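Report on one structure; see the data block that follows.
Residue indices begin at 1 and follow the sequence shown. Note that the structure is predicted; figures quoted are calculated from it, not measured.
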Amino acid sequence: MDKTRIAVLVSGGGTNLQALIDAQKSGVLKSGEIDLVLSNNSVAYALTRAKDAGIEAVCITKKDCGGQESFEEAMLACLKEHDIDLIVLAGFMSILSEHFVKQYEKRIINVHPSLIPSFCGKGFYGLKVHEAALEYGVKVTGATVHFVNEIPDGGRIILQKAVPVLPDDTPKSLQKRVMERAEWVILPEAAELVSSQIMKEKESLK
Ligand code: GAR
């Protein structure tokens with residue numbers, strides 16, 4: 001059976017990309033293969049991780065393209081060129097337009113570092129999410145993997161995992177715990193769930 005062709009979109013360190021690469025190696029991710037890593041940041045360490053794993057890595061920036069519309073057109077062209085079935089947003093810090101997400105309905109998933117619907121939507125990304133969680137005083141937080149639609153962090157939830165908040169947590173210590181115990185676990189699992197579904201659909205169309 002043809003595996004689901006995956007593109008991982010990144011902007012920074014790429015630890016979630018690394019979790020996906022490791023999951024592919026260990027067999028947790030077996031119905032999909034990472035064929036492309038797309039970054040909107042030329043100095044993202046995620047690009048190095050991709051190259052080290054022998055995965056094609058491409059950088060497309062909004063600045064080089066001259067605006068959101070041409071940036072998205074360039075990304076869509078690259079995704080089509082690589083015949084991508086599933087897009088995984090793994091620390092991708094740019095909100096995609098309705099036009100873009102409509103082209104890949106139920107084919108884009110995102111990992112978010114909180115238990116959605118808490119601490120999510122526009123303005124909640126990276127460390128800011130954990131700062132807000134600590135400020136509010138929540139005792140439990142976690143991570144969510146969800147489908148991406150036109151509402152930021154608003155698509156249907158696929159997997160969630162809870163993580164305790166400890167009394168002396170800082171945003172950084174909480175971010176580390178959420179990544180290690182939740183994000184790096186549920187992102188590969190969700191990628192496998194959706195990949196196996198797509199693989200079956202591709203097979204039934206043959
Ligand atoms: C991760 O914590 C991810 O959940 C978060 O950015 C970090 C990226 O780290 N994403 C968002 O906040 C999206 N709203 P990474 O580059 O090491 O995977």
Side-chain angles (χ1 to χ4, degrees), residues 2-21 24 32-114 116 119-129 144-156 158 183 187 190-191 194-195 198 201-202 205:
D2 286 346
K3 287 193 181 188
T4 296
R5 295 178 61 80
I6 301 173
V8 184
L9 272 53
V10 295
S11 300
T15 62
N16 279 288
L17 165 67
Q18 191 64 54
L20 290 163
I21 292 169
Q24 190 171 302
E33 59 182 26
I34 307 165
D35 289 297
L36 174 68
V37 169
L38 243 178
S39 173
N40 65 344
N41 170 11
S42 61
V43 296
Y45 186 66
L47 287 168
T48 306
R49 292 183 192 272
K51 283 175 199 149
D52 287 350
I55 301 167
E56 188 172 347
V58 175
C59 176
I60 299 175
T61 70
K62 202 185 291 188
K63 197 161 165 252
D64 287 346
C65 295
Q68 183 71 21
E69 212 176 301
S70 39
F71 166 61
E72 290 193 355
E73 285 314 319
M75 283 201 293
L76 285 169
C78 185
L79 293 164
K80 297 257 151 70
E81 196 182 305
H82 288 80
D83 210 10
I84 294 302
D85 303 304
L86 173 65
I87 299 168
V88 178
L89 307 184
F92 185 65
M93 300 302 182
S94 176
I95 292 178
L96 297 167
S97 73
E98 185 170 354
H99 168 73
F100 187 103
V101 300
K102 282 263 153 72
Q103 318 245 344
Y104 284 90
E105 229 171 340
K106 286 271 167 76
R107 293 287 184 272
I108 312 176
I109 66 173
N110 177 48
V111 61
H112 183 76
S114 76
I116 290 176
F119 312 116
C120 63
K122 208 164 182 272
F124 286 102
Y125 58 87
L127 215 52
K128 286 179 192 287
V129 178
T144 305
V145 179
H146 62 92
F147 284 110
V148 172
N149 64 9
E150 65 287 357
I151 303 157
D153 299 324
R156 195 172 167 76
I158 303 165
E183 295 185 50
L187 183 61
V194 180
S195 292
I198 295 174
E201 284 169 25
K202 287 209 298 188
L205 291 174

One pair to check against side chain to side chain contact (heavy atoms under 4.5 Å, CB included): Q18 and I21. What are the steps and the verdict?
CA-CA 5 Å; Q18 191 64 54; I21 292 169; 4.2 Å; yes
Before you tell me yes or no, could you show the steps for F92 and V8 under side chain to side chain contact (heavy atoms under 4.5 Å, CB included), namely the whole-Å CA-CA distance, both residues' side-chain angles and the distance that decides it to 0.1 Å?
CA-CA 9 Å; F92 185 65; V8 184; over 6 Å; no
Intermediate values then yes/no, salt bridge (Lys or Arg N to Asp or Glu O under 4.0 Å), E201 and R107
CA-CA 12 Å; E201 284 169 25; R107 293 287 184 272; 2.6 Å; yes
Evaluate side chain to side chain contact (heavy atoms under 4.5 Å, CB included) for L79 paired with F100, printing each intermediate quantity in order.
CA-CA 11 Å; L79 293 164; F100 187 103; 3.7 Å; yes
With side chain to side chain contact (heavy atoms under 4.5 Å, CB included) as the test, would you mind laying out the steps for H99 and E73 before giving the verdict?
CA-CA 10 Å; H99 168 73; E73 285 314 319; 3.3 Å; yes
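Atom CG of L187 and atom CG of N16 lie 5.5 Å apart (nearest 0.5 Å). The CG atom of L17 lies 10.5 Å from the CG atom of L9; values are rounded to the nearest 0.5 Å. Once rounded to the nearest 0.5 Å, the distance linking CD1 of I95 with OH of Y125 reads 9.5 Å. Distance check, rounded to the nearest 0.5 Å: CG of N149 to CZ of R156 gives 12.0 Å. Note that the CG atom of L76 and the CD1 atom of I60 stand 9.5 Å from one another [nearest 0.5 Å]. Rounding to the nearest 0.5 Å places CD1 of I198 at 11.5 Å from NZ of K106.
Residues T4 and S195 approach most closely at OG1-O, 2.7 Å, considering heavy atoms. Across all their heavy atoms, I34 and V37 have their closest contact at CG2-CG2, 4.3 Å. When all heavy atoms are compared, the tightest approach of V129 to S114 is CG1-CB, 3.6 Å. When all heavy atoms are compared, the tightest approach of V88 to I6 is CG2-CG2, 3.7 Å. Of all heavy-atom pairs spanning D153 and C120, the tightest one is OD2-CB, 3.6 Å. G123 approaches K128 most closely through the heavy-atom pair O-CD, 3.4 Å.
Legend: residues meeting side chain to side chain donor-acceptor pair (under 3.5 Å) with T144, ordered by chain and number and at least two apart, are Q160. Taking the salt bridge (Lys or Arg N to Asp or Glu O under 4.0 Å) definition, one finds that E33 meets it with R5, sequence neighbours left out.
Under the 4.5 Å side-chain criterion, counting only non-hydrogen atoms from C-beta, K80 is in contact with Q103. A heavy-atom distance below 4.5 Å is not found between the side chains of I87 and V148.
In terms of modelled atom types and a separation under 3.5 Å, the side chain of H112 and the main chain of G121 share no donor-acceptor contact. A donor-acceptor contact shorter than 3.5 Å links the side chain of K202 to the backbone of K3. Between the S39 side chain and the L47 main chain, no donor and acceptor come within less than 3.5 Å of each other.
Crowding of E69 atom CD: a count of heavy atoms from other residues, nucleotides or ligands under 6.0 Å not exceeding 12.
Sorted by first then second residue, the side chain to side chain donor-acceptor pair (under 3.5 Å) pairs that include residues 52-62, not counting sequence neighbours, are E56-H82, T61-D64, K62-Q68.
With hydrogens and angles left out, the side-chain atoms of S11 and N41 include no donor and acceptor closer than 3.5 Å.
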